[in-house]
Amino acid sequence: MQKQITILGRGYTLRADDGDELEAAAAEIDNRMRQLMARSPNVDPYTVAMLTALNLASEIRAAKRGYRDRLAAMEKNAATVETVLAAAVA
């Protein structure tokens, strides 16, 4: 499906499986870029876009790292439970 979004007043037509998710992502990008532009009014839109992308990439990397850490902890806990259960059955 094609979806129309707007970022910084500029319209884009994109294909998306989930149009609502695409709209939400576009609104998030637009909001972040506007906030950055408000704090740094002399920065050009391209630089604002790059800084926004870098901030988002950093957040994604941190979330992935947190996910991997939680997954490793869950696997360790599952191994401990498995050991306790095996001992209880024996």
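What you are looking at is a predicted structure, and each value in this text was computed from that prediction instead of being measured.
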**Q** For the NZ atom of K3 and the OG1 atom of T13, what is their distance to the nearest 0.5 Å?
**A** 11.0 Å

**Q** As a quick check of understanding, evaluate side chain to side chain contact (heavy atoms under 4.5 Å, CB included) for T52 and L36, giving each step before the final call.
**A** CA-CA 8 Å; T52 301; L36 186 55; 4.0 Å; yes

**Q** Output the distance between atom CG (D17) and atom CE (M1), rounded to the nearest 0.5 Å.
**A** 7.5 Å

**Q** So that I can tick it off, tell me whether R34 and D30 are bridged by a salt bridge, with the cut-off set at under 4.0 angstrom between side-chain N and carboxylate O.
**A** yes

**Q** Are V48 and L56 grouped together when hydrophobic residues (ILVMFWY) are joined by side-chain heavy atoms under 4.5 angstrom apart?
**A** yes

**Q** How long is the span from the CE atom in M37 to the CG atom in D44, to the nearest 0.5 Å?
**A** 8.5 Å

**Q** Quick check: closest heavy atoms across L22 and A16, and the distance to 0.1 Å?
**A** CD2-CB, 3.7 Å

**Q** How far does CG of N42 sit from OG1 of T47, to the nearest 0.5 angstrom?
**A** 11.5 Å

**Q** Please determine whether the number of non-hydrogen atoms from other residues, nucleotides or ligands lying under 6.0 Å from atom CG of D69 exceeds 12.
**A** yes

**Q** Of all heavy-atom pairs between M33 and L8, which one has the smallest distance, and what is that distance?
**A** CE-CD1, 3.2 Å

**Q** What's the separation between atom CD1 in I7 and atom CZ in R32, rounded to the nearest 0.5 Å?
**A** 12.5 Å

**Q** Between T83 (side chain) and A79 (backbone), is there a donor-acceptor pair under 3.5 Å?
**A** yes

**Q** Within this structure, what is the CD-CD distance for the pair E23 and E28, rounded to the nearest 0.5 Å?
**A** 14.5 Å

**Q** Return yes when atom CD of E82 has more than 12 non-hydrogen atoms of other residues, nucleotides or ligands closer than 6.0 Å, and no otherwise.
**A** no

